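Report on the structure given below.
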Amino acid sequence: MDTAKLLLNGEEYEFPVVVGTEDEVAVDCTKLRGTTGAISLDPGYGNTGSCASTITFIDGEKGILRYRGYPIEQVAEQASFEEVCYLLIYGHLPTQAELDEFRALVTHHSLIHESLRHFFEGFPPNAHPMMVLSAMVASLSAFYTGTAEEEDVNLNIIRLLAKAKTIAALSYKKSVGQPFIYPRNDLSYTQDFLHMMFAVPTEPYEISPVLDRALNLLLVLHADHEQNCSTSTVRMVGSSQANLFSAISAGISALWGPLHGGANQKVIEMLRMIQADGGDFGKYVNMAKDKDDPFRLMGFGHRVYKNFDPRATILKEAADAVLEELGTDDPQLEIAKNLEQVALEDPFFVDRKLYPNVDFYSGIIYRAMGIPTNMFTVMFALGRLPGWISQWKELTEDPHMRISRPRQVYTGAKERPFVPIEQRKEEAREKPEFVTV
Ligand code: CMC
C-alpha cells in the first residue's frame, strides 16, 4: 500500500501513503490543494497528522503509551523525572555520567533573576497560578534572549526546566501570601519543589519520601502525550520561529482549559459538589448523559484513548497506596471509585468508550499531598514541560519545517456593498449582552 486514490469531480488523483514505525497509516495530503484545488476539512484535527514525530507513541485502542519506545508502565516504575526529561529531550536514556551532568545543570540554574521575582508583586493575590506561570515563563525571554545557535538553545532548555519549578512554587507562595522560599542545590528536582512549596521560614520542613515518590510518579506520567492541544499549540507558535519561552508559555495557556489539563481541578470540584449534595453519584451520571444538560463527568473521556488511559490505571493504584501511606481517609476517593463503577457499567459511557483519564485520579493524589486545587494544572504543566520542549526541539531542528497555517472553508456572507450607518435599519437579531458594573 503506497498510494491512495481520490475521486473528485470525476478526476482521479493519487497521493502517497506514509506508514509509521508502529504501522500507523497516513495519506500524505501535502499536495492535495496544489493538485486538486480542494482542501481537507477536519475541525478539531481528529484525523489530521500535523507532523511525523519520534518522541511518543500512543495506541488509543489498546491503551498503549510509550516514551521513545519505552512502555509508560516501565518508565513510571523505574525512572526519575530528570531521566525522563533527558530521554524525551535528547532521545535516549542517559548514562549515569550524562544524568549527573544534566542534574547538576538543572539544579544550578534554578534561581530566577531578582528582577523577575519582583514581577510577582504586580499580580493580585487571587491571580490563578496558571496565569502567573504562563506570564512568568513568557517573561523569561526578556532575560534570556539567546540566539538560534545550538549552545544557546540548549542552555535555554536547561534554564526553562530549572526555573519553571521555582516559578511554579513561587506562584503558590504568592497565592497564599507566604514569603518566597529560594531553591536549594542540595536537593533533587522533586525534593526542591516540595521544599519551595511547603517550607516556611519559621520552622524546619522535612521532605516526606512518600510525597517525593508520588510527585516523581505524577510528573513522569504527564511528561508527554504527543500532539494534544497544548503540544500542538507549542508547535504552532514555534513554527513561526518565536522563541522557546514564548512557545511554552502559549502551551501553558492552552493546557489551562477545563477540557485539557484544567480537568484535574474540575474533577475535584465535581467530587466536592457531589459530596456536598449527599454523595448521590448516580444523579450526576444521569446529568452527564442528559443532552440538554451541559454537565460532563470531568476526568472521563479522551480524544485518543478508546479503551483505557494507561496513566489512569497506574494512578488509580497509586492513589490507594499514597493515601494509605499518608494515613489519609478521603471520602472523595470513595465517591470517585463509585462514580467510575457506575459510569463504566452504563451503556451511555460504554457505547461511547468513555473511560477515566489521567485527570480522574491525579487530583485525589495532589490533594492528599497537600497541594491546593488551583495548583493542580500547574503540576500538570511542570510534568508536561519536557514533552513540550522535546516537541519544540524536534520541530525547530526539522530542515523541512514550515509555518503552521491551516486553511478554512468560508461559510460567511458573499460579497455585499457596505451600508453607511445612517441607512442601516433595525433588524430582529440576538444582541450581545454587556454587563455594566
Ligand atoms: N461526560 C459525558 N459525556 C461525554 C464526556 C464526558 N466526560 N466526554 C465525551 N462525552 C460524550 C459526548 O457528549 C459525545 O456524545 P454524543 O456522541 O452523543 O454527542 C461523545 O461522548 C464524544 O464526545 P466528544 O466531545 O466528541 O469527544 P472529544 O474527543 O471531542 O473530546 C474530551 C474529548 C476529553 C474533551 C471529552 O471527553 C471531555 O470533555 N471530557 C471531560 C474533560 C476531561 O476530562 N478532559 C481531560 C482530558 S485527558 C487530559 C489531557 O490530556 O488533557
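Atoms within a ligand are numbered from 1 in the order they appear, just like the ligands themselves. Any value given below was found using the heavy atoms of this structure, including those in side chains, with hydrogens, waters and symmetry copies removed. Treat the numbers as computed from the prediction; the structure is a model and nothing was measured.
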**Request:** Taking atom CG of D293 as the centre, report whether more than 12 heavy atoms of other residues, nucleotides or ligands fall under 6.0 Å from it.
**Result:**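 For D293, atom CG is crowded (more than 12 foreign heavy atoms under 6.0 Å).
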**Request:** Please determine, by modelled atom types, if Q391 and D224 share a side-chain donor-acceptor pair under 3.5 angstrom.
**Result:**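 Q391 vs D224: donor-acceptor pair found between side chains.
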**Message:** Between N156 and R159, do the side chains contain a donor N or O and an acceptor N or O under 3.5 Å apart?
**Reply:**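 Indeed, the side chains of R159 and N156 share at least one donor-acceptor pair under 3.5 Å.
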Check [Y] with [X], please: is the shortest side-chain N to carboxylate O separation under 4.0 Å?
| X | Y | answer |
| --- | --- | --- |
| K306 | E61 | no |
| R311 | D359 | no |
| K174 | E121 | no |
| E269 | R272 | no |

Tell me, which protein residue and heavy-atom name are nearest [atom], and how many Å apart are they?
| atom | result |
| --- | --- |
| atom 34 (C) of ligand 1 | G301 O, 3.6 Å |
| atom 42 (C) of ligand 1 | M298 CE, 3.5 Å |
| atom 41 (C) of ligand 1 | F300 O, 3.4 Å |
| atom 32 (C) of ligand 1 | R296 NH1, 4.5 Å |
| atom 49 (C) of ligand 1 | D359 OD2, 3.1 Å |

**Asked** Does the S53 side chain pair with the main chain of I55, one donor and one acceptor, at a distance under 3.5 Å?
**Response**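 Between the backbone of I55 and the side chain of S53 there is a qualifying donor-acceptor contact (under 3.5 Å).
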**Asked** Is the backbone of A413 close enough, under 3.5 Å, to the side chain of Y410 for a donor and an acceptor to pair up by distance?
**Response**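 Such a contact is found between Y410 side chain and A413 backbone.
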**Asked** Is any heavy atom of the protein nearer than 4.0 Å to atom 12 (C) of ligand 1?
**Response**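 Given the 4.0 Å cut-off, atom 12 (C) of ligand 1 counts as touching protein heavy atoms.
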**Message:** If we count only non-hydrogen protein atoms and require a distance under 4.0 Å, does atom 26 (O) of ligand 1 qualify as touching the protein?
**Reply:**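 No.
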Out of [options], who gets a non-hydrogen atom closest to [atom]?
| atom | options | value |
| --- | --- | --- |
| atom 8 (N) of ligand 1 | V358, L354, D290, N264 | L354 |
| atom 47 (C) of ligand 1 | T231, N357, T377, L255 | N357 |
| atom 29 (O) of ligand 1 | H222, R303, K289 | R303 |
| atom 2 (C) of ligand 1 | A288, G262, G44, P294 | A288 |
| atom 17 (O) of ligand 1 | R352, M270, K266 | R352 |
| atom 43 (C) of ligand 1 | C229, S230, A263 | A263 |

Of all the atoms in ligand 1, which lie at a distance below 4.0 Å from a heavy atom belonging to [X]?
| X | answer |
| --- | --- |
| G261 | 52 (O) |
| F348 | 3 (N) |
| G299 | 43 (C), 44 (O) |

**Request:** Record the part of L259 in heavy-atom contact with ligand 1 below 4.0 Å; permitted values are side chain, backbone, both and neither.
**Result:**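 Both parts.
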**Prompt:** Looking at ligand 1, does K291 have a heavy atom less than 4.0 Å from it?
**Reply:**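 Yes, K291 has a heavy atom closer than 4.0 Å to ligand 1.
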**Asked** Can L297 be said to touch ligand 1, with heavy atoms closer than 4.0 Å?
**Response**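 Yes, L297 has heavy atoms under 4.0 Å from ligand 1.
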**Message:** Does the plane of the ring in Y86 sit parallel, tilted or perpendicular to the ring in F102? Use 30° and 60° as the thresholds.
**Reply:**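 The arrangement is perpendicular - the two ring planes meet at more than 60°.
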**Request:** To the nearest 0.5 angstrom, please state how far the NE2 atom of H92 sits from the CZ atom of R68.
**Result:**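 Separation between the atoms: 9.5 Å.
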**H260 N/O under 3.5 Å from ligand 1 N/O** =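 Looking only at distances, the answer is yes, because the N/O contact criterion of under 3.5 Å is met.
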**Request:** Measure from NZ or CZ of R296 to the centre of the six-membered ring of F300, then state whether that distance is under 6.0 Å and the direction lies within 45° of the axis.
**Result:**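 No - R296 does not lie over the ring of F300 by the 6.0 Å and 45° rule.
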